[in-house]
Peer 1: 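Just passing along the structure, written as structure tokens.
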Protein chains: 2
Amino acid sequence: MIQNISEHDRENLQESLAKSGQKVTPQREVVFSVLLAKRDHPTVDEVFHRARETMPGLSLATVYNCLQTFVGCGLIRQVNHERESTRYCPNLAPHAHFRDAATGRVHDIELPPEVIQSLRSILPPGFDPEAIEVSFHGRALAGDAHPTL
Amino acid sequence: MIQNISEHDRENLQESLAKSGQKVTPQREVVFSVLLAKRDHPTVDEVFHRARETMPGLSLATVYNCLQTFVGCGLIRQVNHERESTRYCPNLAPHAHFRDAATGRVHDIELPPEVIQSLRSILPPGFDPEAIEVSFHGRALAGDAHPTL
DNA sequence: GAGATGTTTTGAATCATTCTAAATGGAGAA
DNA sequence: TTCTCCATTTAGAATGATTCAAAACATCTC
């Protein structure tokens, strides 16, 4: 379960943090590595437990801090569904989410530019979107056949 | 501020509740009328306070109950944004939401069938959506120029 | 009018998240 | 090295939306 972060990912982390004047810390590195290791949209609690396998003293508050920091500097995205716990995903490509009603699992669905364009086109003039969220909810047959990206 | 429910809306309420073997109660009627009176996507708390102007003894738990009941029988929709309080809207036509970053106000955006179709088309085979949610977040110029539907 | 059933009420409980204040840990200056 | 500064981390308390539990009410049937 213990994961090491690749040189490339570490640089990415370092650079992104640097942009907002922040530093790589052991805690941030562990939390980031957890997100990269298993891209199953974990909740804060799941990240917390996984990270503790590597760094037993890590506190929950720190996990909240790290995740917020990463979102702030654009390293990861938050995924919310109804009012369930927030989940986190390191997939930065434009994509939608499909939440399987049966398993609760969240799948990434690629969102092609022309679909994004068609969504933008429904906005009346004067509406300037910074973010577009698309989420599906339903049944996914054979959950394993469509692994999370 | 006190609103009366139209004959037509009352019948609609009655029928929808009846489908799941439930009845019209004074509380449900008041809560429903509040939703119809001002379609600004109120939170539970806002519904609670508005409804109390008509029915001072009404309890918060009842408002939660009523809203859940209405959602359950398809009379209204829930609107969630990030992890903010859930909002409610009686607009049943397919539509997206635009949340104005400046005011926090939520605007309904009509969602034409062809856009819904293009969204469905991005799902790989095996994914069967029961619900599709589209929400924008950004700035809306001249908030009043685009009243909530 | 007595039971049965569904609804409402009050207040306590839960749960994710945020806050607070104290402790820690470098990085750079002397 | 030792000191100081500042960001980060920590533990635990606080918050806020929502749900739960149990008692009180209302209706409706017999």
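Residue numbers begin at 1 in each chain, while the letters A, B, ... track the order of the sequences. Everything numeric in this text was worked out from a predicted model, so none of it was measured.
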Peer 1: Tell me: CG of A:Leu60 to P of D:dT8, nearest whole Å?
Peer 2: 18 Å
Peer 1: Tell me the closest heavy-atom pair linking A:Arg87 and A:His41, and the distance in Å.
Peer 2: NH1-O, 2.8 Å
Peer 1: What nucleotide among C:dT17, D:dA11, C:dT9 has an atom nearest to a side-chain atom of A:Ala61?
Peer 2: D:dA11
Peer 1: Roughly how many Å is it from CG in B:Asn80 to P in D:dA17, rounded to a whole number?
Peer 2: 13 Å
Peer 1: If you measure from the Lys or Arg side-chain nitrogens to the Asp or Glu carboxylate oxygens, is any gap between A:Asp45 and A:Arg50 under 4.0 Å?
Peer 2: no
Peer 1: Of A:Ser85 and B:Leu58, whose nearest nucleotide on DNA chain C comes first from the 5' end?
Peer 2: B:Leu58
Peer 1: Are any of A:Thr62's side-chain N or O atoms less than 4.0 Å away from OP1 or OP2 of D:dT9?
Peer 2: no
Peer 1: Which atoms form the tightest heavy-atom contact between B:Asp9 and B:Phe32, and what is the distance?
Peer 2: O-CE2, 3.7 Å
Peer 1: To the nearest Å, give me how far apart CG (A:Leu17) and C1' (D:dA7) are.
Peer 2: 13 Å
Peer 1: When the aromatic ring centroids of B:His97 and B:His81 are compared, is their separation below 6.0 Å?
Peer 2: no
Peer 1: D:dT8 P sits how many Å from A:Met55 CE, rounded?
Peer 2: 15 Å
Peer 1: Reckon B:Asp45 touches a base, only the sugar-phosphate, or nothing at all at heavy-atom distances under 4.0 Å?
Peer 2: nothing
Peer 1: Within the pair A:Gln68 and C:dT18, is there a side-chain N or O less than 4.0 Å away from OP1 or OP2?
Peer 2: yes
Peer 1: Give a yes or no on whether B:Glu29 atom CD has more than 12 heavy-atom contacts from other residues, nucleotides or ligands under 6.0 Å away.
Peer 2: yes
Peer 1: For B:Leu67 and C:dT7, give me the distance from atom CG to atom P, rounded to whole Å.
Peer 2: 15 Å
Peer 1: A:Glu82 near the nucleic acid: base, sugar-phosphate alone, or nothing, with a heavy-atom cut-off under 4.0 Å?
Peer 2: nothing
Peer 1: Tell me, with the steps shown, if B:Glu84 and B:Arg99 meet salt bridge (charged side-chain N to carboxylate O under 4.0 Å, His left out).
Peer 2: CA-CA 12 Å; B:Glu84 291 172 8; B:Arg99 180 143 169 310; 2.9 Å; yes
Peer 1: Is any side-chain nitrogen or oxygen of B:Arg83 closer than 4.0 Å to OP1 or OP2 of C:dT17?
Peer 2: yes
Peer 1: Of all the choices, C:dT9, C:dT17, D:dT9, which nucleotide is nearest to the side chain of A:Cys66 once you look at every atom?
Peer 2: D:dT9
Peer 1: Under 4.0 angstrom, heavy atoms only, what part of the nucleic acid is B:Gly21 near: base, sugar-phosphate, or nothing?
Peer 2: nothing
Peer 1: How close or far is atom C1' of D:dT19 from atom CD of A:Glu84, stated in whole angstroms?
Peer 2: 15 Å
Peer 1: Specify the residues of residues 23-32 of chain B, ordered by number, for which at least one heavy atom lies under 4.0 angstrom from an atom of DNA chain C.
Peer 2: B:Lys23, B:Thr25, B:Gln27, B:Arg28
Peer 1: Do A:Thr62 side-chain atoms and A:Leu58 backbone N/O form a donor-acceptor pair below 3.5 Å?
Peer 2: no
Peer 1: Which nucleotide in the list D:dA17, C:dT18, D:dT8 gets nearest to the side chain of A:Gln22?
Peer 2: D:dT8
Peer 1: Compare side-chain N and O positions of B:Thr86 against OP1 and OP2 of D:dT18 and report whether any pair is under 4.0 Å apart.
Peer 2: yes
Peer 1: By nearest nucleotide on DNA chain D, pick out whichever of B:Arg87 and A:Asn65 is the more 5' one.
Peer 2: A:Asn65
Peer 1: Between C:dT8, C:dT18, D:dT18, spot the one nearest the side chain of A:Tyr64, thanks.
Peer 2: C:dT18
Peer 1: Indicate yes or no for a side-chain donor-acceptor contact from A:His95 to the backbone of A:Ala93 under 3.5 Å, with no hydrogens or angles considered.
Peer 2: yes
